[in-house]
Trainee: 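There's a structure below that I have some questions on.
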Amino acid sequence: MMHAQSRDVSDVVLLNTGWEFCRSGTEQWRPAEVPGTVHQDLLRHGLIPNPFYGTNEEKIQWVENEDWEYRTVFAVSGEQLERDDARLIFEGLDTYADVYLNGSLILRADNMFTAYSAAVKPVLRVGENRLHICFRSPIRQTLPQHESNGFNYPADNDHHEKHLSVFSRKAPYSYGWDWGIRMVTSGVWRPVALRFYDVASINDYHVKQLSLTDERAELSNELEVENILPHAADAVVEIRCALNGEEIREIRREVKLLPGTNRIEVPMEILSPARWMPNGWGDPVLYDFSATVSCGGKEVARQSRRIGLRTLRLVNEKDKHGESFYFEVNGIPMFAKGANYIPQDAMLPAVTAERYRNLFRDMKEANMNMVRVWGGGVYEDDRFYDLADENGILVWQDFMFACTPYPSDPAFLQRVEAEAEYNIRRLRNHASLAMWCGNNEILEALKYWGFQKKYSPETYKLMWDGYDKLFRELLPEKVKQLDAGRFYLHSSPYAANWGRPESWGTGDSHNWGVWYGRKAFESLDTDLPRFMSEFGFQSFPEMKTIAAFASPDDYHIESEVMNAHQKSSIGNALIRTYMERDYAVPHKFEDFVYVGLVLQGRGIRRGLEAHRRNRPYCMGTLYWQLNDSWPVVSWSGIDYYGNWKALHYQAKRAFEPVLVNALQQNDSLCVYLISDRLESLTNLTLEMETKSFGGKTVGRKTTLRALQLPANTSLCVHRTKLSELLRTEETASSFLHIRLKDAAGRQLAETVHFFRKPKELQLPAVTIDVRSSQADGQCELILSASELAKDVFIEVPIQGARFSDNFFDLLPGERKKVIITSPRIKKGEKLPFGIRHLRQTMD
């Protein structure tokens, strides 16, 4: 099978133009876009309303029950038909499809997660060729399976009384989730190409790293070459390796290609290799490899790969606490900093290259080094993994199973095997790929979500047997066969459960004690895992995003529209509950939204800092969730339009390579220094000063000199009684400003610590002075205030505008520069902006 990332010298005809679509049985053909979905085409023609606006979600549900047809016409020349072979390659068909070419049924698709390839030379014609695809409703297609199954699977995120999603190898989130719209799509969702070949094609190219030291890298270039000819053919295989555009190795090998599939291994050695390093540790160096096959002096096939050389293992070993869980990169334990990723759109082909680039820029700027591709979405586009390689972001890759048991009949297992083989082969060359995980939370669900009471013993056993077949047998065997050496975890979490403290010392954890468990944010200081692979808290998006799906009449949290964009049944009530604990709950909806953003950011930052503070016991934290698939109330740190919420700014601060963190417990305060750097820091100075909200020094200033901060560590460098810093009556009107400086007096890190909950602070009613200047593409603001302005939020009416900083504390007397960038900012067109701070919401 040809893989999506293949690059060769075959004659390629991209079939992305001239498409039409219609509802089956109507013959009302309209122009369509490919790649695309039927929902995008219907929306383009005004046949459905904007699914994201108001309560329109319910108005589009009819689409999933219909069959849809797509067709196009393309030309083929006589010269092309003289080539030895022709194949039609679909990189993604969603999901149940019959494909016809010139009256011939060439393939039947039943899996969204794999590519399809059909030999079509005997069917092609010189001149006009007709391609016709019939997509069957994924609902009606699987209803007979549901009706004959005998029970309804516990896939409660499937927003339909009959949980049909489990029967299809299709993105689970499209059936609905507790942050997701239900939009069960159909269509040609990835590119289509017609390829013509002579003699041979390269079906797969794996650059396998055998060993790596500072002196040399030993590699095996493993090729799967298809000889199209019915007889043996003499060929030359050439492997080239380049770094930064300069060729450093070339190997030439003569081979005899037998008819059919040929597997060829070409060893290679690279001296003094440059290592790929994760973000924050160095450059993610990538080598360019190419493999060519030539016959009779003519190059007939070529593929290329970008390869990072690094060692990586997940250390999962028994210890005195239970069982470790951490990533070791190039022999060094790495604290993983990042988030969980969901698909960026409910309509997947709408995700542009620019959106991918922006998202990785967001991750890198927030000091992340890992992202988890969660199992309820899709195996991502090649661009995603290319960008992960280029930005030094390690990828925790789930297989696409989440939150419910799945069938395990032979036909289902056969589909899963095909998708696993396709995606393992497609992704295994990426330096960023850190591990494979069988599923999200299914083991936990079987153990703790009450299925044994809801279902008969026979059905419950059937679910367990299916779990073993899928996640303990089929998937690990495919990883072992195709990507030997890469770590496989059968489920996340696989041992720890947030309601059982005795389990937290083993493996990775999904801690939903904060949120579902209604535990205070302070519990994150003590409810500590070995590796936090999920935890989170919800917020509304900011007002300009809310305005994109609601009118002012809808601006209250329990309006019909707000509830349509809040998929967690307990969500709004929990946001208010947590807000009442720590903040003065505002009366105005706009203020409630703003305070909710602050609440989410501050709360999750507390957890991120607690996890970093407790290394090496805890060695990673991936919060839920990075992004959104539509404009919605959710756990995300970045909304659908690319706007950073307070959470993403706070994650950036919590993930700084060198961090100062003050932990207040009872009547004492401990100051931690935390470093992810690979070199030790010496002769540091820590300055601590308590100030009133008006800027006056309270008590004495403390300076610690000649501090040492070893590489890759966390340590408490100062402990004191609060009474030694300030009087009790001053705690509501003062803050502690802590700065860490190097030997040359340069500031390495700083933090501001408040001694009371925000609702207990005597915040001043201060006015912020703002000076602005503007040029094409950017606006510069200089902010200052005579007294403290807490949690300053700058708003502009441009979706996706980027801020150098936001949701920050403006200290008394400080001059703060903020640069806002967007292509829509023009010199001479004054950018309107608004500024909020916490005191304004407390009246």
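Here the structure is a predicted model, which means the values were calculated and not measured.
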Trainee: Is it true that Asp805 and Arg653 make a salt bridge, defined as a side-chain N closer than 4.0 Å to a carboxylate O?
Mentor: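 Yes, this pair counts.
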
Trainee: Check whether the side chains of Tyr287 and Asn244 place a donor and an acceptor atom closer than 3.5 Å, and report yes or no.
Mentor: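 No, no side-chain donor-acceptor contact under 3.5 Å.
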
Trainee: Do Lys652 and Glu656 meet the salt-bridge criterion of a basic N to acidic O distance under 4.0 Å?
Mentor: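 Looking at Glu656 and Lys652, the cut-off is not met.
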
Trainee: Quick test of your reading of the model: are Arg253 and Glu238 salt-bridged, counting only N-O distances below 4.0 Å?
Mentor: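 Result for this pair is no, no salt bridge flagged.
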
Trainee: Ignoring hydrogens and geometry beyond distance, is a side-chain donor-acceptor pair present between Asn358 and Arg355 at under 3.5 Å?
Mentor: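 Short answer, no.
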
Trainee: Does Ser492 form a side-chain hydrogen bond (donor to acceptor under 3.5 Å, both in side chains) with Asn440? I'd like the steps, not just the answer.
Mentor: CA-CA 5 Å; Ser492 177; Asn440 175 76; 5.4 Å; no

Trainee: Could you measure the distance from the CZ atom of Arg372 to the OG atom of Ser533? Nearest 0.5 Å is fine.
Mentor: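 Reported value, rounded in 0.5 Å steps: 6.0 Å.
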
Trainee: For the residue pair Lys645 / Ser636, report whether a side-chain donor-acceptor contact shorter than 3.5 Å exists.
Mentor: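 Yes.
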
Trainee: For Trp374 together with Trp635, are the ring centres under 6.0 Å from each other?
Mentor: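 Not close enough - the centres of the two rings lie 6.0 Å or further apart.
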
Trainee: Can a donor-acceptor pair be found, under 3.5 Å and without considering hydrogens, that links the side chain of Ser680 to the backbone of Ala711?
Mentor: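 Yes; judged by distance alone, with no hydrogens or angles, the pair exists.
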
Trainee: Is there a donor-acceptor contact under 3.5 Å linking the side chains of Glu224 and Asn262?
Mentor: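 Note: Glu224 and Asn262 side chains miss the donor-acceptor criterion.
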
Trainee: Between Asp214 and Arg275, does at least one N-O distance fall below 4.0 Å, as a salt bridge requires?
Mentor: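 Result for this pair is yes, salt bridge flagged.
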
Trainee: Please step through side-chain hydrogen bond (donor to acceptor under 3.5 Å, both in side chains) for the pair Ser714 and Arg613, ending with a clear verdict.
Mentor: CA-CA 6 Å; Ser714 165; Arg613 192 168 59 238; over 6 Å; no

Trainee: Are Trp436 and Phe399 near enough that their ring centres are under 6.0 Å apart?
Mentor: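 Yes, the ring of Trp436 comes within the 6.0 Å limit of the ring of Phe399, centre to centre.
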
Trainee: Between the side chains of Tyr623 and Glu534, does any donor sit under 3.5 Å from an acceptor?
Mentor: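 There is no such pair (donor and acceptor under 3.5 Å, judged by atom type) between the side chains of Tyr623 and Glu534.
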
Trainee: Taking atom types as modelled and ignoring hydrogens, do the side chains of Tyr326 and Glu317 form a donor-acceptor contact shorter than 3.5 angstrom?
Mentor: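 Looking only at side-chain atoms, Glu317 and Tyr326 do not form any donor-acceptor pair under 3.5 Å.
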
Trainee: Please determine, by modelled atom types, if Asp345 and Ser629 share a side-chain donor-acceptor pair under 3.5 angstrom.
Mentor: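 Side chains of Asp345 and Ser629: no pair found under 3.5 Å.
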
Trainee: Does the side chain of Trp396 come under 3.5 Å of the side chain of Asp398 through a donor N or O and an acceptor N or O?
Mentor: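 Yes.
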
Trainee: Any luck finding a side-chain donor-acceptor pair between Asp288 and Ser290 under 3.5 Å?
Mentor: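 The answer is no; no qualifying pair exists.
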
Trainee: Given 3.5 Å as the limit, does a donor-acceptor pair link the side chain of Asn279 with the main chain of Met368, or not?
Mentor: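 Checking the backbone N and O of Met368 against the side chain of Asn279, a donor-acceptor pair under 3.5 Å is found.
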
Trainee: Identify the residue among Met334, Arg677, Arg615 that makes a side chain to side chain contact (heavy atoms under 4.5 Å, CB included) with Asn712.
Mentor: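 Only one option passes, and that is Arg615.
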
Trainee: For Tyr197 and Glu226, test the side chains for any donor-to-acceptor distance below 3.5 angstrom and give the result as yes or no.
Mentor: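 Side-chain D/A pair, Tyr197 to Glu226: absent.
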
Trainee: Under 3.5 Å, side chain of Asn429 to main-chain N/O of Lys208, donor-acceptor pair present?
Mentor: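 Judged by distance alone, no pair lies under 3.5 Å.
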
Trainee: Strictly below 4.0 Å, N to O, side chains only: are Lys478 and Glu421 in salt-bridge contact?
Mentor: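 Looking at Glu421 together with Lys478, the answer is yes, because their closest N to O distance falls below 4.0 Å.
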
Trainee: Does the pair Asp94/Arg190 count as a salt bridge with the N-to-O cut at 4.0 Å?
Mentor: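 Between Arg190 and Asp94 there is no salt bridge, as every charged N stays at least 4.0 Å from the carboxylate O atoms.
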
Trainee: Using a strict 4.0 Å threshold on nitrogen-to-oxygen distance, state whether Glu269 and Arg249 make a salt bridge.
Mentor: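 A salt bridge is absent here (no side-chain N lies under 4.0 Å from a carboxylate O).
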
Trainee: With a 4.0 Å cut-off on N to O distance, would you call Asp508 and Arg530 a salt bridge?
Mentor: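 Here Asp508 does not pair with Arg530 in a salt bridge, since their nearest N and O are not under 4.0 Å apart.
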
Trainee: Is Arg415 paired with Glu419 through a side-chain N to carboxylate O contact shorter than 4.0 Å?
Mentor: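 Salt bridge absent between Glu419 and Arg415.
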
